[in-house]
2 protein chains.
Amino acid sequence: MDRRLTARGLERRRQLMDYSARLFARNGYDPTSVAEIVDGMNVGKGVFYWYFESKEALLLEILADSQRSLRRLQQSYIENEADPVRRIELGIRATMDWVGQNRHLWGLFRFAASEERFAPYLRRGQQTAVSDVVRHINEAITQGRVRQTDPSVLAHAILGVTNQLSGTFLVEQDGRPSEVADAAVDFCLDGLLGARLPV
Amino acid sequence: MDRRLTARGLERRRQLMDYSARLFARNGYDPTSVAEIVDGMNVGKGVFYWYFESKEALLLEILADSQRSLRRLQQSYIENEADPVRRIELGIRATMDWVGQNRHLWGLFRFAASEERFAPYLRRGQQTAVSDVVRHINEAITQGRVRQTDPSVLAHAILGVTNQLSGTFLVEQDGRPSEVADAAVDFCLDGLLGARLPV
DNA sequence: GGGTGAGTTGACCGGGCGGTCAAGATCTCC
DNA sequence: GGAGATCTTGACCGCCCGGTCAACTCACCC
């Protein structure tokens with residue numbers, strides 16, 4: 001596409017992406033027609049295809065955009081933190097805060113992860129997330145603070161807890177990110193049985 | 001539909017469900033057309049609508065069937081086990097074994113969970129799973145073996161770990177259920193930092 | 001061997017889909 | 001004020017979708 005867009009054009013583009021993302025998330029990607037999108041925004045169909053190659057390309061852009069913004073938030077939380085375990089904690093907190101502010105995107109990610117045509121794009125993002133966490137875990141293992149286990153397994157487990165708790169308690173039950181983050185951090189650090197002494 | 005089916009009819013029905021489930025899982029539910037299904041099975045389109053009300057009804061039956069079989073397996077693992085913590089462990093192991101034998105259904109569940117038109121049916125199943133686990137956790141808390149925390153949060157965290165690890169290491173990486181289950185159990189019981197003494 | 005109901009066929013239907021495009025409106029800058 | 005780029009319109013296209021149905025075959029029983 002690579003069109004030269006004016007400021008006004010860029011704004012319109014943003015609006016289309018936001019509105020589409022909401023429709024996709026509410027009613028599903030396939031069931032949402034391009035006609036619905038442009039009707040809902042009171043523009044002609046041509047507008048859509050002026051800004052996007054196709055419906056599929058639009059979804060991919062929405063996903064890429066979201067992943068970028070999530071990663072940016074995570075890194076802003078983590079920078080300057082020396083303790084690897086605390087970096088993991090901050091990563092979880094960043095994720096919860098991001099989900100709290102982008103609840104409508106949650107279902108869209110789930111959908112994309114479930115379809116072979118979109119999953120590969122998400123997997124790349126997940127892989128970066130995993131290797132970020134793996135790095136912290138390795139450091140913590142070196143310090144003797146985490147038992148010797150396959151770090152990528154631990155990283156995936158942490159992601160799983162974060163995913164599930166954010167989905168259930170933030171998106172479905174509209175909870176507060178900081179509280180859900182507390183719970184996720186506790187579980188990830190100590191599991192069910194752990195009885196870590198208070199710091 | 002409630003048609004009277006002969007043994008032959010029931011068999012055909014099973015074949016249709018299995019084949020459709022595989023196509024849905026591979027290519028997505030919406031993108032898979034009824035024509036594809038019946039062509040792939042070398043039957044006329046009428047066969048499909050002889051056995052199922054609609055494409056949507058078929059998916060719901062596949063999901064209900066799967067949930068039933070998963071729950072049945074979990075209960076068979078758990079029955080007669082008195083220790084609540086060990087019941088949780090056995091539930092995880094049952095889930096991993098089930099996923100190991102039904103890898104193709106994994107993506108289908110993810111999809112269904114992501115769409116508002118199907119999610120409610122899955123949520124009921126997940127709710128039963130959660131309350132099963134909650135019951136064990138409450139018992140363990142009473143015994144003073146699990147720290148006092150909202151049990152439903154812990155239950156969801158366990159489900160999250162199980163989901164993520166089965167998806168990544170069983171479905172994507174084709175791992176062995178028992179090993180993945182070991183990892184999930186360890187993480188759920190001890191978290192990252194826990195250093196439980198060997199039994 | 002004929003009758004009955006289970007099972008099967010595939011042409012057909014209405015409709016909605018993603019995407020196109022010729023035409024026109026609007027903005028920007030000289 | 002006009003030239004050229006940006007932006008917008010909506011009728012239109014070909015396609016394929018989920019679903020229907022009248023006609024047919026087959027298995028089985030009396």
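Letters A, B, ... mirror the listed sequences (proteins, then strands); counts begin at 1. These numbers were taken from a predicted model, which means no experiment stands behind them.
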Checklist entry - Atom CD1 of A:Ile37 and atom C1' of C:dC17: how far apart are they, to the nearest Å? => result 12 Å
Checklist entry - Any chance CD of B:Gln148 has more than 12 other-residue heavy atoms, nucleotides or ligands included, within less than 6.0 Å? => result no
Checklist entry - Quick one: A:Asp30 CG to C:dG19 P, roughly how many Å, whole number? => result 11 Å
Item to check | Touch class at under 4.0 angstrom, heavy-atom based, for B:Gly9 against every strand present | outcome: sugar-phosphate
Next on the checklist: Both B:Trp50 and A:Ala35 contact DNA chain C. Taking the nearest nucleotide for each, which residue is further toward the 5' end?
Outcome noted: B:Trp50
Checklist entry - Taking CG from B:Leu59 and C1' from D:dG18, how many angstroms apart are they, rounded to a whole number? => result 15 Å
Checklist entry - Which part of the nucleic acid does B:Phe48 contact within heavy-atom distance under 4.0 Å: base, sugar-phosphate only, or nothing? => result nothing
Next on the checklist: Heavy atoms from C-beta onward define the side chain here; which of D:dC7, C:dG7, C:dG10 lies closest to that of B:Leu5?
Outcome noted: C:dG7
Checklist outcome for this item: To the nearest angstrom, the CZ-P distance between A:Phe52 and D:dT8 comes to 12 Å
Checklist entry - Looking at B:Glu115 and A:Arg110, does any basic side-chain N land under 4.0 Å from a carboxylate oxygen? => result no
Checklist entry - Tell me: CD of A:Glu56 to P of C:dG18, nearest whole Å? => result 12 Å
Next on the checklist: What's B:Arg12 touching, base or sugar-phosphate or nothing? Going by heavy atoms closer than 4.0 Å.
Outcome noted: sugar-phosphate
Next on the checklist: I'd like to know if A:Lys55 reaches the base of C:dG19 with its side chain, counting only an N/O donor and acceptor under 3.5 Å.
Outcome noted: no
Checklist entry - C:dT9, D:dT9, D:dT20: which one has an atom nearest the side-chain heavy atoms of A:Val47? => result D:dT9
Checklist entry - A:Lys45 has an atom NZ; how far is it from atom P of D:dA11, in whole Å? => result 12 Å
Item to check | Side chain of B:Val34 - closest among D:dG18, C:dT8, C:dG19 | outcome: D:dG18
Item to check | B:Asp39 CG to D:dC16 P, straight-line distance once rounded to whole Å | outcome: 13 Å
Item to check | Any A:Thr6 side-chain nitrogen or oxygen under 4.0 Å from OP1 or OP2 of C:dT28 | outcome: no
Checklist entry - Of the candidate nucleotides C:dG7, D:dT20, D:dT8, which contains the atom at the shortest distance from the side chain of B:Tyr49? => result D:dT20
Checklist entry - At under 4.0 Å between heavy atoms, what does A:Tyr51 touch on the DNA or RNA strands: base, sugar-phosphate, or nothing? => result sugar-phosphate
Item to check | A:Asp97 vs A:Tyr77, side chain to side chain donor-acceptor pair (under 3.5 Å): CA-CA, chis, key distance, verdict | outcome: CA-CA 11 Å; A:Asp97 288 344; A:Tyr77 272 48; 2.4 Å; yes
Next on the checklist: Once you apply a heavy-atom cut-off of 4.0 Å, does B:Arg8 come out as touching a base, just sugar-phosphate, or nothing?
Outcome noted: sugar-phosphate
Checklist entry - Which atoms form the tightest heavy-atom contact between A:Arg176 and A:Leu170, and what is the distance? => result C-CD2, 3.8 Å
Checklist outcome for this item: With A:Leu154 as partner, the option from A:Leu159, A:Val130, A:Ile137 fulfilling side chain to side chain contact (heavy atoms under 4.5 Å, CB included) is A:Ile137
Item to check | Gap between atoms CZ and P, on A:Arg13 and D:dT8 respectively (whole Å) | outcome: 13 Å
Checklist outcome for this item: Closest of C:dG18, C:dG19, D:dT6 to the A:Ser33 side chain is C:dG18
Checklist entry - A:Thr95 versus A:Ser166: any side-chain heavy-atom pair under 4.5 Å? => result no
